[in-house]
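The structure under discussion appears below in the form of structure tokens.
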Amino acid sequence: QGCAHNRCIDSSAARSPRGGDCAAPLFTAMHRRALHRLPQPPRSALAAALSVRSCAAAAAPSPDAQSGSGGRYGLGAVLAAAGVGTAIGVAVGDKDMRMRRLTFPPNQLRACCDASPETENQKALPDRLAEVVGASYVKRNYTQKGSRLGRGTSLAHVSPGTLAEAAEVLKLCVAADVAIIPQGANTSLTGASVPRNEGSDRPTIVVNLRRLRKIMPLEDGKKVLCFSGVGIYDLKEKLEKEYKRDSHSILGSIFLNPTVAAGVAFGSGGTQIRKGPAWTERALYLKVNADGNVEVVNTLGLNDGGDPIAFLDSHDTLSADAVNLKGGGICSWPRYDDVVRAYNENKVSRFNADMTGIDCCRSEGKVMILATMHDTFDIPKKSQIVWVACKDLAAAHALKRQVALKSKDCTAKSCEYMNKEVYDGVDRAGRILVKMIELVGMQRLEPLWNLKLSIEMIPLPFTNIICDKFLYWFNNVIPHPLPQQLRDFGTDYDHHMLMEFAEYSDGEVQRLRDSLDQFVAQHPEGHIKYHICEGKDASRANLWRFVVAPAFRTYCIGKGMQGLSIDYALPKKFSEYPAMPEKQFPIQNRWVYSHFGCNVYHEDLVFGPEVDVHAAKKEIKHTVENLGGKLPAEHGHGTEYRAPANMQERWRKMDPLNVMNPGVGGTSAFKGYSDSPAHVACAH
């Protein structure tokens with residue numbers, strides 16, 4: 001097919017390929033190059049092992065050979081051949097993948113003519129970045145996959161270690177005319193944190209900000225200034241241990257330690273009813289203006305002498321006179337607990353296309369966030385984890401309103417929901433992850449997660465699924481982590497709520513318990529049951545809810561099915577599931593879980609191999625929006641969802657040249673938001 005020679009499929013033609021037109025010489029050269037990548041000792045060992053075997057076989061043919069079944073090679077030869085075969089597979093597979101991705105993409109945007117798609121300035125950029133941050137912090141031609149979606153190769157993946165380095169890196173990238181993706185822990189679920197090679201008119205640089213991890217508490221920990229690479233789990237631990245304060249953001253994915261800046265960029269919400277989405281009016285960030293210059297935007301309120309970057313880089317702590325906290329913006333969503341308690345309103349509590357606030361809030365990578373300031377919260381005197389099982393969804397919604405959101409001085413700290421399919425799915429595919437978190441701890445799980453992503457990137461057959469297959473196969477070997485009463489709930493009930501009752505005011509936990517008892521008494525016996533989780537049971541109950549998202553991937557791969565994950569906000573008065581287009585797109589399994597207090601839902605839908613999942617996603621989005629809902633709610637638009645026109649216009653004003661994270665939210669991926677690519681290298 002490649003050379004249009006029909007004879008090339010014949011063995012005789014393949015033995016004598018016609019010049020450079022046929023594919024055979026190409027593959028021969030690729031194999032030869034792969035062999036030369038091997039170090040000399042393995043090549044010599046292989047040659048020696050095969051030579052010894054050949055001599056022995058010539059002197060004394062084996063019985064197997066005499067019987068016509070073929071000779072047996074020694075163990076050394078077999079192991080050497082296996083090693084060489086693996087090395088060839090990696091090298092050839094990598095070469096093949098790069099050729100298909102970079103030379104012959106489907107839209108042919110990067111191969112319009114014989115000229116290189118990179119300018120001289122772009123080719124020199126990785127070396128210039130290495131001069132700024134150090135060679136060990138620049139990875140060239142680096143391929144990454146997203147936590148759930150997306151995969152691509154960047155010209156360079158660079159990790160600045162100071163705010164000044166980050167600013168200099170951005171300036172060099174803008175001057176080289178590349179696309180730039182700011183990146184944190186790469187836990188994005190909608191594909192926007194990794195390069196997109198197809199449909200791009202420029203090379204991409206990923207600026208990973210994970211090394212920027214300073215935490216500077218203010219006012220005895222009542223506020224905190226965080227550099228952009230700080231993980232939300234690290235922040236939570238520091239505030240609890242040193243200041244007895246609760247951090248601003250607790251997400252279901254906290255065990256992956258996503259960054260504080262990513263939370264602001266996406267408007268992440270999380271499990272906490274009283275806190276609201278990650279949002280602030282005090283930040284330090286960089287933007288690229290219409291003239292191609294990098295601007296520093298500073299609303300932190302620092303007494304920094306006019307250079308906030310140098311000031312923060314030179315300080316590890318901040319004194320009371322270093323920041324003006326009386327004037328300026330606020331550092332959390334105002335009165336969010338009042339917002340969610342207004343549960344009869346026909347509007348949503350939060351969503352990704354909300355344009356409230358300064359540019360960095362819900363910017364989705366269109367600016368580069370360097371630092372943000374956040375309020376912290378009181379830690380309650382005590383708390384209880386309560387698992388409630390209900391026979392129907394209406395009872396669960398009524399319980400939420402009459403108990404969890406009862407009044408300002410009687411509000412649950414968190415109120416999460418899971419349906420039976422979620423419970424059963426985690427039982428089948430998530431037990432092993434719960435056990436891993438218990439064994440290694442949340443702080444040490446992030447490297448293991450990154451290792452899993454790295455394995456999935458290896459260009460060999462089945463590496464993209466082998467980790468999840470392993471988790472699925474061995475899941476049931478792990479003893480069930482939940483106590484027997486909760487296991488009985490999982491068998492007998494279709495709807496489950498996991499609530500945390502907290503003592504923010506005297507007697508609040510008891511008032512919540514009394515309200516729950518009264519609610520249960522109003523229903524037929526056995527219609528609603530609850531269990532107080534204590535000690536390890538409380539931790540395991542929370543983990544059961546938190547591991548749903550990774551367990552879903554393991555479940556789909558284990559079953560050999562397709563999966564679609566969505567998140568949406570429903571009007572607060574809405575108390576049913578949206579009807580899915582199941583006649584058109586049959587759903588095999590519907591996992592529904594929710595930040596119930598906010599009426600923000602996550603759904604993981606299992607489809608058979610025959611279903612067009614992309615078309616199903618579009619139809620579901622229309623269904624949710626027709627009900628007055630918003631999709632997405634907190635995971636961001638990424639590469640999966642088209643943002644509303646006013647949100648796209650907001651991003652264009654932030655980034656008029658379309659340098660930062662081009663293509664996000666359905667916007668153009670081309671320079672200046674053009675409808676077609678600018679062929680810089682060939683001047684077309």
Side-chain angles (χ1 to χ4, degrees), residues 148-149 189-191 252 346 348 351-352 389-397 400 416-430 468 472 490-497 545 548-596 598-635 637-642 666:
R148 184 179 285 171
L149 296 170
L189 298 177
T190 50
N346 194 30
V348 302
F351 61 106
N352 276 129
C390 304
K391 288 291 187 182
D392 58 70
L393 182 61
H397 273 284
K400 172 184 72 174
E416 298 291 290
Y417 167 84
M418 300 175 286
N419 70 352
K420 181 174 175 58
E421 286 79 1
V422 168
Y423 180 93
D424 292 341
V426 174
D427 188 23
R428 184 60 190 88
D468 286 290
Y472 186 81
T491 301
D492 299 336
Y493 290 83
D494 291 338
H495 306 275
H496 304 271
M497 298 171 66
R545 162 62 184 88
V548 175
F552 176 66
R553 173 179 166 83
T554 299
Y555 181 91
C556 289
I557 289 176
K559 292 280 191 182
M561 306 292 280
Q562 295 189 92
L564 171 65
S565 297
I566 57 175
D567 70 300
Y568 55 85
L570 291 176
K572 290 176 285 184
K573 66 184 294 185
F574 201 87
S575 58
E576 299 175 1
Y577 296 163
M580 291 292 164
E582 296 196 48
K583 289 185 178 180
Q584 187 178 358
F585 307 101
I587 298 172
Q588 303 291 328
N589 209 301
R590 185 178 182 182
W591 298 24
V592 183
Y593 49 111
S594 169
H595 304 310
F596 212 37
C598 311
N599 230 28
V600 170
Y601 285 80
H602 302 276
E603 288 210 37
D604 292 336
L605 305 172
V606 181
F607 295 99
E610 74 286 352
V611 174
D612 184 342
V613 174
H614 185 70
K617 179 183 66 179
K618 283 186 172 182
E619 188 63 32
I620 291 168
K621 188 174 191 295
H622 292 319
T623 298
V624 171
E625 291 173 344
N626 288 339
L627 296 173
K630 302 287 186 180
L631 190 158
E634 59 183 18
H635 289 166
H637 297 85
T639 59
E640 291 298 290
Y641 303 105
R642 175 172 291 277

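Values reported hereafter were calculated over all heavy atoms of this structure, with side chains retained and with hydrogens, waters and symmetry mates removed.
- Within the 4.5 Å cutoff, the side chain of T623 has no heavy atoms near those of the N626 side chain.
- If you take OG on S575 and NZ on K400, they are separated by 8.0 Å, rounding to the nearest 0.5 Å.
- With sequence neighbours left out, F585 forms a ring pair (Phe, Tyr, Trp, His ring centres under 6.0 Å) with no residue at all.
- You'll find the side chain of Y472 stays beyond 4.5 Å of the side chain of I557, heavy atoms only.
- Between A389 and Y493, the closest heavy-atom pair is CB-CG, 3.5 Å.
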Determine whether L605 and I620 satisfy the following criterion, side chain to side chain contact (heavy atoms under 4.5 Å, CB included), listing intermediate values before the conclusion.
CA-CA 11 Å; L605 305 172; I620 291 168; 3.5 Å; yes

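- Looking only at atom types and distance, the side chain of H595 has a donor-acceptor partner in the side chain of E634 under 3.5 Å away.
- Between the side chain of K420 and the backbone N or O of G490, at least one donor-acceptor pair lies under 3.5 Å.
- The aromatic rings of W591 and Y555 sit perpendicular to each other, their planes meeting at more than 60°, with 30° as the lower class boundary.
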Show, in sequence, the C-alpha distance, side-chain angles and deciding distance for D424 and R428, and conclude whether the salt bridge (charged side-chain N to carboxylate O under 4.0 Å, His left out) test is met.
CA-CA 6 Å; D424 292 341; R428 184 60 190 88; over 6 Å; no

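- Ring geometry for H602 against Y593 counts as parallel: the plane angle stays under 30°, on a 0 to 90° scale with 60° as the upper cut.
- Rounding to the nearest 0.5 Å gives a distance of 7.5 Å between CD of E640 and NE2 of H614.
- No side-chain heavy atom of K621 sits under 4.5 Å from any side-chain heavy atom of Y568.
- Side chains of P571 and N599 form no contact here, defined as non-hydrogen atoms less than 4.5 Å apart.
- One finds the CG atom of D612 at 9.0 Å from the NZ atom of K618 (value rounded to the nearest 0.5 Å).
- Of all non-hydrogen atoms in F607 and A616, the two that sit nearest each other are CZ-CB, 4.1 Å.
- One distance of note links CZ of R590 with CG of L564; it measures 11.5 Å at 0.5 Å rounding.
- Annotation for M561 and P609: closest pair SD-CD, 4.5 Å, computed over non-hydrogen atoms.
- Judged by distance alone, with hydrogens and angles left aside, the side-chain atoms of D567 form a donor-acceptor pair with the main-chain N or O of A633 at under 3.5 Å.
- Judged by distance alone, the side chain of T639 and the main-chain N or O of T190 form a donor-acceptor pair under 3.5 Å.
- Heavy-atom minimum distance, E603 versus P578: OE2-CD, 4.2 Å.
- Between G628 and V348, the shortest heavy-atom contact is O-CG1, 3.9 Å.
- A 4.5 Å side-chain heavy-atom check between V611 and P586 finds at least one atom pair inside the cut-off.
- Put simply, the side chain of K630 does not reach to within 4.5 Å of the side chain of N352, judged on heavy atoms.
- D604 contributes no side-chain N or O that, together with a main-chain N or O of A551, makes up a donor-acceptor pair within less than 3.5 Å.
- The side-chain heavy atoms of P581 and H622, taken from C-beta on, include no pair separated by under 4.5 Å.
- Note that NZ of K572 is 9.5 Å distant from SG of C598, once rounded to the nearest 0.5 Å.
- For the residue pair H495 and Y417, the shortest heavy atom distance occurs at ND1-OH, 2.6 Å.
- A 4.5 Å side-chain heavy-atom check between V606 and K559 finds every atom pair outside the cut-off.
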